[in-house]
Amino acid sequence: MSEATLTIDGCSTLPQLFLKKSVERGARIAMREKDFGIWQSYTWDDYREYAVAIANGLLACGLQRGDVVSILSEDCKEWLFTDYGAQLAGGTTNGVYPTYQARQAEHALTDSRSRFLFVEDEEQLDKFLEIEDELPRIERAWVFDWKGLRDF
């Protein structure tokens, strides 16, 4: 029995489809977000640029195909950029519920065999720092929003 490869618009992977469609859509608006009450727009070019930058950063840190990149965050543009960045680099994305307590997050990060971690803000970073010693596989963690962490 032969397995046919599913293709969508000539692409056999989500990262391929993302790159193709983001180039086609270019300067069109991909998403909007309010920042201090003012709507900020992000184009498909922006989306691709951020995702590629994250992919390159992960590769520079030694990410190997199939490595797990976890995201401990509410829904936000950075979550999306990181998701596709990890996939473009050959990684697997693992979303960790931001409502988890530290020990629940520890289980999710251990069980998924996460190697890299992105956290949203001070609250999520505090959870990670509480359990960091129990997570020797996590090689590096990044923070999306540094408000409240200026002196960290």
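We count residues from 1, following the sequence as given. What you see is a predicted model, and the numbers here were worked out from it, not measured in a lab.
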For this session: Over 60° means perpendicular and under 30° means parallel, so classify the ring planes of Phe81 and Tyr50, tilted if in between.
Result: parallel
For this session: State the CZ-CG distance between Arg115 and Asp67, to the nearest 0.5 angstrom.
Result: 4.5 Å
For this session: Report the C-alpha distance between Asn94 and Val96 in whole Å, list the side-chain angles of each, state the deciding distance to 0.1 Å, and finish with yes or no for side chain to side chain contact (heavy atoms under 4.5 Å, CB included).
Result: CA-CA 6 Å; Asn94 175 52; Val96 180; 3.6 Å; yes
Exercise. Do you know which two heavy atoms are closest between Ala89 and Leu59, and how far apart they sit?
Worked result: O-CD2, 3.7 Å
Exercise. Is a donor on one side and an acceptor on the other found under 3.5 Å between the side chain of Lys127 and the backbone of Pro98?
Worked result: yes
Exercise. Would you say Trp142 and Val69 make side-chain contact, with heavy atoms under 4.5 Å?
Worked result: no
Problem set entry | Separation between CG of Leu72 and CD of Glu123, rounded to the nearest 0.5 Å | 8.5 Å
Problem set entry | Main-chain N/O of Glu33 paired to Lys77 side chain as donor or acceptor, under 3.5 Å | no
Seminar exercise, completed: Distance col, row Cys61:SG vs Arg140:CZ, nearest 0.5 angstrom, shows 4.0 Å
Problem set entry | Test side chain to side chain contact (heavy atoms under 4.5 Å, CB included) applied to Phe144 and Phe118, step by step | CA-CA 7 Å; Phe144 296 149; Phe118 288 79; 3.6 Å; yes
Exercise. Which is it for Ser12 and Gln16 under the side chain to side chain donor-acceptor pair (under 3.5 Å) test, yes or no, and what are the steps along the way?
Worked result: CA-CA 7 Å; Ser12 60; Gln16 288 174 350; 3.3 Å; yes
Exercise. In terms of hydrophobic clusters joined by side-chain contacts under 4.5 Å, are Leu125 and Ile138 together?
Worked result: yes
Exercise. Around atom CZ of Arg103, are there more than 12 heavy atoms of other residues, nucleotides or ligands at under 6.0 Å?
Worked result: yes
Problem set entry | Neighbour count >12 (heavy atoms, 6.0 Å) for atom CG, Asp75 | no
Seminar exercise, completed: Of all heavy-atom pairs linking Ala102 and Ile131, the shortest is O-CD1, 3.3 Å
Problem set entry | Minimal non-hydrogen separation, Thr93 against Ala86, with atom names | OG1-CB, 3.7 Å
Exercise. Within a radius of less than 6.0 Å around CD of Gln104, do more than 12 heavy atoms belonging to other residues, nucleotides or ligands occur?
Worked result: yes
Exercise. Ignoring hydrogens and geometry, is there a side-chain-to-backbone donor-acceptor pair from Arg25 to Trp44 under 3.5 Å?
Worked result: no
Problem set entry | Single-linkage hydrophobic cluster, 4.5 Å side-chain cutoff, Tyr84 and Leu17 together | no
Exercise. Do Glu106 and Thr110 meet the criterion of a side-chain donor-acceptor pair at a distance under 3.5 Å?
Worked result: no
For this session: Using the rule that two of Ile, Leu, Val, Met, Phe, Trp, Tyr join whenever any of their side-chain heavy atoms come within less than 4.5 Å, decide whether Leu135 and Leu129 are in one cluster.
Result: yes
Problem set entry | Derivation of the side chain to side chain contact (heavy atoms under 4.5 Å, CB included) call for Asp45 and Arg48 | CA-CA 5 Å; Asp45 287 335; Arg48 185 181 61 259; 2.9 Å; yes
For this session: Taking all non-hydrogen atoms of both residues into account, name the closest pair between Leu88 and Ala51 and its distance.
Result: CD1-CB, 3.9 Å
For this session: Please answer: with hydrophobic residues joined when any side-chain heavy atoms are less than 4.5 Å apart, are Ile54 and Leu14 in the same cluster?
Result: yes
Exercise. Is a side-chain N or O of Arg137 found less than 3.5 angstrom from the main chain of Ser112, in a donor-acceptor match?
Worked result: no
Problem set entry | Ring geometry between Tyr100 and Tyr97 (parallel below 30°, tilted from 30 to 60°, perpendicular above 60°) | perpendicular
Problem set entry | Heavy-atom pair with the smallest gap, counting every atom of Gly95 and Trp79 | CA-CZ2, 3.8 Å
Seminar exercise, completed: dist Lys21:NZ -> Ile8:CD1 (nearest 0.5 Å) comes out at 10.0 Å
For this session: Might you confirm whether atom CD of Glu139 has over 12 heavy atoms from other residues, nucleotides or ligands at distances under 6.0 Å?
Result: yes
Exercise. Quick one: does Asp46's side chain have a donor or acceptor within less than 3.5 Å of a partner on Thr43's backbone?
Worked result: yes
Exercise. Are Leu63 and Ile71 co-members of a hydrophobic cluster defined by side-chain heavy atoms under 4.5 Å apart?
Worked result: yes
Problem set entry | Asp121 side chain vs Gln124 backbone, donor-acceptor pair below 3.5 Å | yes
Exercise. Which distance, rounded to the nearest 0.5 Å, do you find between the OG1 of Thr92 and the CZ of Arg65?
Worked result: 9.0 Å
Problem set entry | Gly85 versus Ala55, closest heavy-atom pair with distance | O-CB, 3.2 Å
